[in-house]
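First up is the structure itself, then whatever we jot down about it.
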Amino acid sequence: MWVARRFMSLIARREFRYLNCTCCWRSRIPVAGFETLNDTLSSSTTPCDDNKSLDAYYTSEQRGVILQLLNNAAESELAAVKLLRGRKSVNIVEYRTRNGPFKNLESVTNVPLLKHKSAVIVFNSILNPPEKKEKRKVKIQLAKFIRPEVERTWLEEANSIVSIVCGVNKIAWAHMDRGMNVLEWKHEDCHNFLKGTYMASAYLDDISSVVSHLPTADFFVVEKTSISLQNTALYPVMAHMRTVEAMLFALLEPRYTQPDNTAPPKVLNMMRTAVGRHFGLMVGDSRTSGAQAMQQMMTESVTQKIPRVTFPHNLLVKYRNSFQMGGRSRGEELCDAMLQAVAFYELLSESS
């Protein structure tokens with residue numbers, strides 16, 4: 001009994017102190033006789049006073065800025081504010097549509113998922129938006145899209161290139177100079193490609209015919225496809241592409257080999273995925289059609305004073321209907337040969 005009276009006496013002499021509740025930032029929890037943090041909370045945390053609304057902690061100018069954004073910003077703009085991405089931005093738009101604009105900051109806490117602590121973080125983010133860091137443009141190394149490696153000066157001094165793309169039944173090429181002027185743009189059917197049993201002599205006839213029609217250029221850029229080895233159904237296509245690629249290298253390179261071996265290689269590979277990324281055509285590891293990009297460049301050649309690519313009038317007329325979206329044949333090889341030529345010069349410029 002004496003022990004119980006002694007314990008109650010000690011409690012009676014203890015002074016109650018308070019801890020701020022971190023859930024609502026408004027109520028206080030009494031704690032008897034223990035060291036607490038309620039007197040030493042950082043000044044950067046949200047002030048909490050039972051007798052004040054959220055409006056009391058901001059100046060009239062600050063309240064105006066916050067309410068202006070919350071009452072007028074579209075859902076996408078609200079989503080850019082800290083904590084408002086996702087459902088909260090949708091709730092704000094729905095709430096003000098039903099109830100009209102927010103008249104004060106305290107009314108924002110009526111929005112689902114936006115209680116006092118979240119609301120304060122949102123308000124402070126509106127008043128002090130994070131600085132947007134400028135994205136540094138990463139310089140692309142030549143080795144990332146050109147094989148074999150070639151000295152930059154040789155590429156920069158080249159007057160023109162021929163971009164070559166192989167399909168399952170044709171080969172297309174685009175001849176372009178370094179001023180981004182299209183000099184020639186053609187494709188040729190290869191009737192022996194993927195027809196029954198593979199015959200090396202038949203392939204050689206088709207590819208030799210194409211090579212004989214190619215114009216003279218400083219470099220020949222052959223597309224390097226990236227077919228997944230995991231898809232066994234594509235093995236015949238992969239073997240076909242590699243065969244055509246090897247024959248093009250074999251037939252083109254000896255025509256320009258110098259006796260002293262000081263000249264650079266004339267036949268280069270360009271990675272198909274690098275071209276796809278350059279034009280924003282990649283979806284995961286797959287590349288989509290560049291027909292729309294091709295149509296835009298052809299249109300700009302006529303409508304823009306300084307177009308990205310300059311096409312001769314006769315080629316615009318000849319191929320104006322070759323890249324219609326949804327068409328049965330969109331001239332994919334022609335399209336890819338031109339996109340590869342454009343990407344070659346633009347990536348070369350970006351990597352300098």
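Small disclaimer: the values here were computed from a predicted structure and weren't measured.
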request  = Indicate whether the side chain of E332 and that of H187 have a donor and an acceptor atom separated by less than 3.5 Å.
outcome  = no
task = For the pair I161 and L268, evaluate side-chain contact (heavy atoms from CB on, under 4.5 Å) and give the outcome as yes or no after the intermediate values.
result = CA-CA 10 Å; I161 65 166; L268 307 172; over 6 Å; no
message = Can you confirm whether K186 is buried at NZ, in the sense that more than 12 heavy atoms of other residues, nucleotides or ligands lie under 6.0 Å from that atom?
response = no
ask   = Is it the case that one hydrophobic cluster holds both M282 and M271, taking links as side-chain heavy atoms less than 4.5 Å apart, direct or via other members?
value = no
task = Taking all heavy atoms of G331 and all of F323, pick out the closest pair and write down the distance.
result = O-CE2, 3.4 Å
query = If you take all heavy atoms of N269 and V222, which pair is closest and at what distance?
reply = ND2-O, 3.0 Å
key: Check: V165 and L339 side chains under 4.5 Å, non-hydrogen atoms   = no
inquiry  = Rounded to the nearest 0.5 Å, what separates atom CD in E346 from atom CE in M180?
reply    = 4.5 Å
ask   = Do S160 and D218 pass the side-chain contact (heavy atoms from CB on, under 4.5 Å) test, and can you show the C-alpha distance, the side-chain angles, and the key distance before you say yes or no?
value = CA-CA 6 Å; S160 69; D218 294 287; 4.3 Å; yes
task = Evaluate the ring-ring contact (aromatic ring centres under 6.0 Å, His included) criterion for residues F220 and F249: first the C-alpha distance (whole Å), next the side-chain angles of each, then the deciding distance (0.1 Å), finally the verdict.
result = CA-CA 9 Å; F220 294 88; F249 268 76; over 10 Å; no
request  = Mind checking the OH-CZ spacing from Y57 to F123? Nearest 0.5 Å is all I need.
outcome  = 13.0 Å
ask   = Between E253 and K266, which heavy-atom pair has the shortest distance, and what is it?
value = OE2-N, 3.1 Å
task = Write down the atom of S301, the atom of P307, and the distance for their closest heavy-atom approach.
result = CA-CB, 3.7 Å
message = Check for me whether the distance between the ring centres of Y203 and H240 falls short of 6.0 Å.
response = yes
query = Would a 4.5 Å heavy-atom cut-off, applied to side chains only, mark F193 and I207 as touching?
reply = yes
Interatomic spacing from CG in L348 to CZ in R152 - rounded to 0.5 Å = 5.5 Å
query = Are the side chain of T303 and the backbone N or O of T299 linked by a donor-acceptor pair below 3.5 Å?
reply = yes
request  = For side-chain contact (heavy atoms from CB on, under 4.5 Å), just list the numbers for T243 and Y198, CA-CA rounded to whole Å, side-chain angles, deciding distance to a tenth of an Å, and then say yes or no.
outcome  = CA-CA 10 Å; T243 300; Y198 164 73; 3.4 Å; yes
request  = Please examine the side chains of T310 and V182, heavy atoms only from C-beta on, and report whether any two atoms are closer than 4.5 Å.
outcome  = no
key: Steps toward side chain to side chain donor-acceptor pair (under 3.5 Å) verdict (H213, E184)   = CA-CA 11 Å; H213 296 140; E184 189 176 341; over 6 Å; no
remark   = Per side-chain contact (heavy atoms from CB on, under 4.5 Å), L114 is matched among N91, T109, V122, I121 by V122
inquiry  = Has R63 got a side-chain atom pairing as donor or acceptor with L105's backbone, closer than 3.5 angstrom?
reply    = no
key: Beyond-backbone contact of E106 with H116, side-chain heavy atoms, under 4.5 angstrom   = yes
task = Would you name the heavy atoms of V342 and M297 that are closest together and state the gap between them?
result = CG2-SD, 4.1 Å
Spacing of L54 atom CG and N104 atom CG [to the nearest 0.5 Å] = 9.0 Å
query = To the nearest 0.5 Å, how far apart are CG in L251 and OG in S208?
reply = 4.5 Å
ask   = Checking side-chain contact (heavy atoms from CB on, under 4.5 Å) for the pair M176/N181: CA distance, chi angles, key distance, verdict?
value = CA-CA 6 Å; M176 180 181 287; N181 299 300; 6.0 Å; no
key: Hydrophobic cluster identity match, I126 and V93, side-chain contacts under 4.5 Å   = yes
ask   = Side chains of Q296 and Q292: donor-acceptor distance under 3.5 Å anywhere?
value = no
inquiry  = Donor-acceptor check, side chain of N169 to backbone of C190, threshold 3.5 angstrom: yes or no?
reply    = no
ask   = Atom CE in M247, atom SG in C166: separation rounded to 0.5 Å?
value = 11.5 Å
ask   = For the salt bridge (Lys or Arg N to Asp or Glu O under 4.0 Å) test, which of K224, R272, R147 pairs with E245?
value = K224
query = Can V168 be reached from V244 by stepping across I, L, V, M, F, W or Y side chains whose heavy atoms are under 4.5 Å apart?
reply = yes
query = Are D189 and I171 side-chain neighbours, meaning at least one heavy-atom pair lies under 4.5 Å?
reply = no
ask   = Does S289 reach the side chain of C335, with side-chain heavy atoms less than 4.5 Å apart?
value = no
ask   = Does a donor on one side chain and an acceptor on the other come within less than 3.5 Å for N124 and Y58?
value = yes
message = Using the salt bridge (Lys or Arg N to Asp or Glu O under 4.0 Å) criterion, which residues pair with R178? Sequence neighbours excluded.
response = none
ask   = Hey, what's the ring geometry for W185 with F311, parallel, tilted or perpendicular (30° and 60° as the breaks)?
value = tilted
query = Are L113 and L84 connected in the hydrophobic side-chain network, where two residues link if heavy atoms are under 4.5 Å apart?
reply = no
message = If I compare all heavy atoms of V162 with all of A217, which pair ends up nearest, and what's the gap?
response = CG2-CB, 3.6 Å
query = For the hydrophobic clusters of this structure (ILVMFWY residues joined by side-chain heavy atoms under 4.5 Å, transitively), does one cluster hold both V221 and W154?
reply = yes
query = Got R96 and N99 here, is their nearest side-chain heavy-atom distance under 4.5 Å?
reply = no
task = Evaluate the side-chain proximity of L183 to P215: yes if any heavy-atom separation is below 4.5 Å, no if none is.
result = no
ask   = Would the number of heavy atoms belonging to other residues, nucleotides or ligands and lying under 6.0 Å from CD of E149 be above 12?
value = no
query = With distance as the sole test, does N71 use its side chain to make a donor-acceptor pair with the main-chain N or O of F102 at under 3.5 Å?
reply = yes
